[in-house]
There are 2 protein chains.
Amino acid sequence: MSPNPVTDLGTYLKEQRQQAQLSLRQVADRAGISNPYLSQIERGLKRPSAEILQAIAKGLAISAEQIYVHAGILEAAPDGEVVIDTRQVIKNDPRLTDKQRKALIDVYDSYVGD
Amino acid sequence: MSPNPVTDLGTYLKEQRQQAQLSLRQVADRAGISNPYLSQIERGLKRPSAEILQAIAKGLAISAEQIYVHAGILEAAPDGEVVIDTRQVIKNDPRLTDKQRKALIDVYDSYVGD
DNA sequence: GCATTTTGCTAACTGTAGTTAGCATACTTG
DNA sequence: CAAGTATGCTAACTACAGTTAGCAAAATGC
């Protein structure tokens, strides 16, 4: 989590917009949201949904993931490391039967202590 | 975007909960959200914020990113399937000792036939 | 069998995300 | 200079996210 995701987000969005030399209304139009709402978001008055953030990303022509990080929705990847949930990976492995998945997870759990 | 993110999400969350053999109330308590709300989410009646999804992830002991994909917040890895190598994931799991990793991989290999 | 607890859900409610109408100010153009 | 346009914002509003109180049914334990 960012120390202060809402202020961080708004500041970041405003910076991106200014760098792109776009007005608040231009970005709002391109994003398909109301310009007063974008203004409120930039000033940290409102906390937008991920869907709105996706739309803003489109309006600013930047990746949604970048914005999510500032919004506290995603952790920034530390040095490209992705923390992967082993249990989940086993569950989703198409090469295993349901029984095998369960068995493997039971073994895993016995090791990990869950 | 998933074809139907809301239904997909609810179905997915219910499946995960049932797999974990937890009641709706148990997950809601662990997530710190109201149980009627979790029920509504599972049945596709409400669209939760990313923050709620993070909380549910915690309650289910699964990664938030998995949930985000089903909620349409994150894309699944582009170019269709990114095959996650279960073997590699086990090898890299910091919760396991070397011995445990080897043992788990041996079991996996016996199932998969490699 | 019965009392108690657990379970998932409904209905009413509160708080706020997101929009519309419109304002004041700054900028542009003829 | 005046009219028109662009800009960021305010206030009032609607829709819905998320909660509380409580119900019926199922499960549990004595």
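Note that the structure is predicted; figures quoted are calculated from it, not measured. Below, chains carry the letters A, B, ... as their sequence lines are ordered, and counting in each starts from 1.
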Peer 1: For the side chain of B:Arg47, counting heavy atoms from C-beta on, which of D:dA11, D:dA17, C:dT10 is nearest?
Peer 2: D:dA17
Peer 1: Consider the side chain of B:Pro36, meaning its heavy atoms from C-beta on, and name the nucleotide among C:dG18, D:dA21, D:dT10 that approaches it most closely.
Peer 2: D:dA21
Peer 1: Can you sort out the partners of A:Lys102 under salt bridge (charged side-chain N to carboxylate O under 4.0 Å, His left out), two or more places apart, ordered by chain and number?
Peer 2: A:Asp106
Peer 1: Quick check against the 3.5 Å criterion: does B:Gln54 have a side-chain atom that pairs as donor or acceptor with the backbone of A:Gly72?
Peer 2: yes
Peer 1: Is there a side-chain polar atom (N or O) of B:Ser39 under 4.0 Å from OP1 or OP2 of C:dC9?
Peer 2: yes
Peer 1: Find the distance B:Tyr37:OH to C:dA12:C1' and express it as a whole number of Å.
Peer 2: 17 Å
Peer 1: Find the distance A:Leu45:CG to C:dT19:P and express it as a whole number of Å.
Peer 2: 15 Å
Peer 1: Given atom CD of B:Gln40 and atom P of C:dC9, what is their separation to the nearest angstrom?
Peer 2: 10 Å
Peer 1: How many Å lie between CG on A:Leu53 and P on C:dA17, as a whole number?
Peer 2: 12 Å
Peer 1: Answer yes or no: is there a side-chain heavy-atom contact under 4.5 Å between A:Gln66 and A:Gln16?
Peer 2: no
Peer 1: Once you round it to whole Å, what is the distance between P of D:dT10 and CG of A:Leu38?
Peer 2: 14 Å
Peer 1: D:dG18 phosphate, OP1 or OP2: any side-chain N/O from B:Ser49 under 4.0 angstrom?
Peer 2: yes
Peer 1: Tell me the interatomic distance from A:Asn35, atom CG, to C:dT20, atom P, rounded to whole angstroms.
Peer 2: 10 Å
Peer 1: Quick check: closest heavy atoms across A:Arg30 and A:Ala61, and the distance to 0.1 Å?
Peer 2: NH2-CB, 4.5 Å
Peer 1: Give the rounded distance in Å between these two atoms: CD1 of A:Ile33 and C1' of D:dA15.
Peer 2: 17 Å
Peer 1: Within the structure shown, what part of the strands sits under 4.0 Å from A:Ile52 by heavy-atom distance: base, sugar-phosphate, or nothing?
Peer 2: sugar-phosphate
Peer 1: Decide yes or no for B:Pro48 and B:Leu9: does some side-chain heavy atom of the first lie under 4.5 Å from some side-chain heavy atom of the second?
Peer 2: yes
Peer 1: Keeping A:Arg101 on the side-chain end and A:Asp93 on the backbone end, is there a donor-acceptor pair under 3.5 Å?
Peer 2: yes
Peer 1: How many whole angstroms separate atom CD1 of B:Ile41 from atom P of D:dT19?
Peer 2: 8 Å
Peer 1: Hey, can you pull the residues of residues 22-29 of chain A with a non-hydrogen atom under 4.0 angstrom from DNA chain D?
Peer 2: A:Ser23, A:Leu24, A:Arg25
Peer 1: Of the candidate nucleotides C:dG8, D:dT20, D:dA17, which contains the atom at the shortest distance from the side chain of B:Arg17?
Peer 2: C:dG8
Peer 1: Does atom CD of A:Gln18 have more than 12 heavy-atom neighbours from other groups under 6.0 Å away?
Peer 2: yes
